[in-house]
Amino acid sequence: MSTRAKILAAAAALAVLVVALSRGGEPSAQLQQLQDDPMASYVPPGATLVDSDSRGEGTSLGKRVQAQVTRLFQLPPGQGRRALADAQEQAAAGGWAPVAASTQRALVARKQLPDGRAELTVVRVEDARLLPKDVQPPALSVSLRHLGA
């Protein structure tokens with residue numbers, strides 16, 4: 001094979017790799033189940049979505065990584081407790097059962113999904129050091145994680 005043919009073959013392989021990686025593909029079944037849950041699209045009253053992240057299940061450095069959806073909201077001043085209470089009501093209405101007694105800062109709940117269990121964590125953040133630089137407290141973090149079968 002000539003040098004020119006090798007270069008063309010390498011360029012074609014690289015192009016295929018770039019296209020495959022840029023597509024992203026469809027979300028996994030576990031991630032789709034989380035995204036379909038009402039808490040994945042829940043917005044606290046008066047809040048502004050400031051960050052959102054999701055990932056499918058897989059492995060990282062040989063360790064299992066679970067599907068997860070996380071959203072961070074900046075709340076109106078003085079609305080942290082009200083937002084957490086509203087999130088607790090919405091979670092209960094959506095079938096989430098608290099794992100332990102909720103605190104004034106957090107809710108942890110679980111729910112059975114078609115192919116396994118999921119965990120919901122809602123945290124009220126009042127400390128600016130725990131938030132991105134452009135977000136001021138109070139804030140509310142809503143995270144759904146697939147726990148598997």
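Reckoned from all heavy atoms, side chains included, excluding hydrogens, waters and symmetry mates. Worth saying up front: this structure is predicted, and the values here are computed from it rather than measured.
- The shortest non-hydrogen separation linking S28 to G56 is OG-CA, 4.1 Å.
- A pairwise comparison of heavy atoms in A91 and L120 identifies CB-CD2, 3.6 Å as the closest pair.
- Residues Q35 and V69 have side chains in contact (heavy-atom distance under 4.5 Å, counting atoms from C-beta outward).
- Counting heavy atoms from C-beta on, the side chains of F73 and T48 never come closer than 4.5 Å.
- Rounding to the nearest 0.5 Å places CD of Q79 at 12.5 Å from CG of L84.
- Taking Ile, Leu, Val, Met, Phe, Trp and Tyr as hydrophobic and joining them when side-chain heavy atoms fall under 4.5 Å apart, one finds V108 in a cluster with V99.
- Residues P76 and P138 come closest through the heavy atom pair O-CG, 3.5 Å.
- The shortest heavy-atom contact between A87 and V122 is CB-CG1, 3.9 Å.
- Scanning for salt bridge (Lys or Arg N to Asp or Glu O under 4.0 Å) contacts around R145 gives E119, with sequence neighbours left out.
- In terms of heavy-atom proximity, Q88 sits nearest to A106 at NE2-O, 4.4 Å.
- Counting side-chain heavy-atom gaps under 4.5 Å among Ile, Leu, Val, Met, Phe, Trp and Tyr, the cluster of L131 also holds V50, L72, V123, V125, L130, V135.
- The list of salt bridge (Lys or Arg N to Asp or Glu O under 4.0 Å) pairs with a residue in residues 29-50, not counting sequence neighbours, reads D37-K111.
- Taken from CD in Q66 to CG in L144, the straight-line distance is 12.5 Å, to the nearest 0.5 Å.
- Q33 meets the side chain to side chain contact (heavy atoms under 4.5 Å, CB included) test with L113, P114, D115, H146; sequence neighbours excluded.
- In this structure Q104 satisfies the side chain to side chain contact (heavy atoms under 4.5 Å, CB included) test together with R81, R124, sequence neighbours excluded.
- Applying the side-chain hydrogen bond (donor to acceptor under 3.5 Å, both in side chains) rule to S41 yields no partners; only residues at least two apart in sequence or on another chain are considered.
- Tracing side-chain contacts under 4.5 Å through hydrophobic residues (I, L, V, M, F, W, Y), one never reaches L147 starting from L31; they form parts of separate clusters.
- Not a single side-chain hydrogen bond (donor to acceptor under 3.5 Å, both in side chains) links R105 to another residue, sequence neighbours left out.
- Applying the side-chain hydrogen bond (donor to acceptor under 3.5 Å, both in side chains) test to Q90 and every residue at least two apart in sequence or in another chain returns nothing.
- Contacts of D51 classified as side-chain hydrogen bond (donor to acceptor under 3.5 Å, both in side chains), with partners at least two apart in sequence or in another chain: none.
- Taking P45 as the reference, Y42, R82, D86 meet the side chain to side chain contact (heavy atoms under 4.5 Å, CB included) condition, with sequence neighbours excluded.
- A donor atom on one side chain and an acceptor atom on the other are found under 3.5 Å apart for Q68 and S143.
- Within the structure, salt bridge (Lys or Arg N to Asp or Glu O under 4.0 Å) pairs that include any residue of residues 127-137 comprise D127-R129 (at least two apart or interchain).
- Here the closest non-hydrogen pair linking R71 and A40 is CD-O, 3.0 Å.
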